[in-house]
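Chain A is the first sequence line, chain B the second, and so forth, proteins listed ahead of strands; every chain is numbered from 1. Please read these numbers as outputs of a predicted model, since none were measured by experiment.
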2 protein chains.
Amino acid sequence: MPHLKRRRRDRKITWPTPGVDSNPFQSAIKLIGFSIPFLKNVEIYAESEPADYVYKVIGGAVRCYKILNDGRRQINAFYLPGDIFGLEIGGVHAFSAEAVVDSKILLIKRNSLIEIAARDNRVARELWTLTAAELQRMQQHAVVFIMSAQERVVSFLVEIAKRGATASEIELPMRRADIADYLGLTIETVCRTLKQLEKSAAIELPTFHHVVLRKCAAPC
Amino acid sequence: MPHLKRRRRDRKITWPTPGVDSNPFQSAIKLIGFSIPFLKNVEIYAESEPADYVYKVIGGAVRCYKILNDGRRQINAFYLPGDIFGLEIGGVHAFSAEAVVDSKILLIKRNSLIEIAARDNRVARELWTLTAAELQRMQQHAVVFIMSAQERVVSFLVEIAKRGATASEIELPMRRADIADYLGLTIETVCRTLKQLEKSAAIELPTFHHVVLRKCAAPC
DNA sequence: CGGCGGCTTGATCGGTCTCAAGTACGGTGG
DNA sequence: CCACCGTACTTGAGACCGATCAAGCCGCCG
């Protein structure tokens, strides 16, 4: 058991993340991936571009979206540090991705990953699991669209809170417009709803991008 | 089972996918699956039930949905003959599934499938591909929620038309309420919108469940 | 200090929901 | 074959929520 890591030919691990080292998938992307910085609002990839890479957020935040022909924008997901994205099937990306704030992204060549998956079933399984997790998140997100504006905003805050380190204090990296396009609302409605939640003492808004959850409507 | 680890080395990376007949995934589920009939409106599985099986529609139609605590229902997907569903990750189903009409469903034991995938990379890859395709459909579906009622209905009709045999003539197996819950509208709005489309000569409605697309708004 | 981007706030409009009837379809039994 | 009944669908009138349009405000950075 203690020699498990040693069996591998990789000698050095650049990013020491205790507990994850024995995960062959994480080890693999550490080896074959390379990180690139992206400035705020810079495009990482665009819709209908060849999907040659898979991406992992090291730092910052990413929004994944689609623009309709009349200009409306639908944000499908926000990716935070540790999240993997761009796992779509087919040769081209179905969505666009941009850095929400200055970010550091790990790029992993798709083909290399698939080659490794062909040799190592654990990696293949991890690819499947990650895709399934993404599917589940998407399914969960679809539920917000049958809810009222207030429910959507609350649901969003709870979602971000769950993914963050602290459960009751959130740092929102994205702008109001991003939240609006993620929830299918307008900027004004998001503002008004946040204000309303603040008035009813459900949350506090010390700054634009900082939210404190007072009473948890959903189970904390 | 101890020889599983050894497999990592002795297999070569080859992805022979010539035709569909030799598709090892479809062959496998034919072998280990067994088909069961489900009557109209009968539950196939329920939310938070253990997910022991993967399902394939042989005949009929299936709706996959979630009920919110206040009774609202969100239909995530309709599955038609040939579609595979229930591919979620985790031990339990995140959604419920029901037969829309009398249907014939193939049940495949999850564990058997995973075992086969562990031995045959092509099957593992197919599992991944199917999940990714489902993810893509879900992402596509999320886009309808930023559209107007009419756009949603048209988008729905086009989606069903694409999946059906004939491009311009659709047989809708589901009720109006199902369409409404799929599109995030009310029954009345779906009715009115269909009527409106009929008036504007975009469609014809010979019966409740039969639609003829006259002029294709979207590229046919 | 001035300008700009992002956020907030207000007034009004319109699309969709809600509630409430009315109608067509499909099955069942006489 | 027809009368009946329940379910699903259709249609109408009014209310309401969120979108839209239009200012105004704040914080940031030169």
query: Sub-3.5 Å donor-acceptor pair from the side chain of E88(B) to the main-chain atoms of A94(B), do we have one?
result: yes

query: When the distance from CZ of R175(A) to P of dC7(C) is rounded to whole Å, what number comes out?
result: 7 Å

- line: The contact string for nucleotides 16-30 of chain D, one letter per nucleotide 5' to 3', using protein heavy atoms under 4.0 Å with B, S and - for base, sugar-phosphate only and none, comes out as --SSBB---------

- request: Inspect the surroundings of CZ in R125(A) and state if more than 12 heavy atoms from other residues, nucleotides or ligands are less than 6.0 Å away.
  value: no

query: Over how many whole Å does the gap from R176(A) atom CZ to dT9(C) atom P extend?
result: 11 Å

Within residues 59-70 of chain A: residues closer than 4.0 Å to DNA chain C (heavy atoms): none

- request: Mark yes or no for whether R73(A), through its side chain, and D181(A), through its backbone, hold a donor-acceptor pair below 3.5 Å.
  value: no

query: What residues, two or more places apart in sequence or in another chain, satisfy side-chain hydrogen bond (donor to acceptor under 3.5 Å, both in side chains) together with Q196(B)?
result: Q150(B)

message: Need the bend value for the helix from dC1(C)-dG30(D) to dG30(C)-dC1(D): angle between end axes, 5 pairs each end, nearest 10°.
response: 30°

task: Check for a donor-acceptor pair, side chain of H209(B) on one end and backbone N or O of M174(B) on the other, with a separation under 3.5 Å.
output: yes

field: Side-chain donor/acceptor of E151(A) to backbone N/O of S148(A), under 3.5 Å
entry: yes

task: Using ring-ring contact (aromatic ring centres under 6.0 Å, His included) as the criterion, list what pairs up with H93(B), not counting sequence neighbours.
output: Y45(B)

- request: Answer yes or no: does a side-chain N or O of K195(B) lie under 4.0 Å from OP1 or OP2 of dT11(D)?
  value: yes

message: Take a 6.0 Å sphere around NZ of K109(B) and say whether it holds more than 12 heavy atoms from other residues, nucleotides or ligands.
response: yes

ring-ring contact (aromatic ring centres under 6.0 Å, His included) contacts touching residues 172-207 of chain A (sequence neighbours left out): F78(A)-Y182(A), H141(A)-Y182(A), F156(A)-Y182(A)

field: Donor-acceptor pair, side chain of S103(B) and main chain of V101(B), under 3.5 angstrom
entry: yes

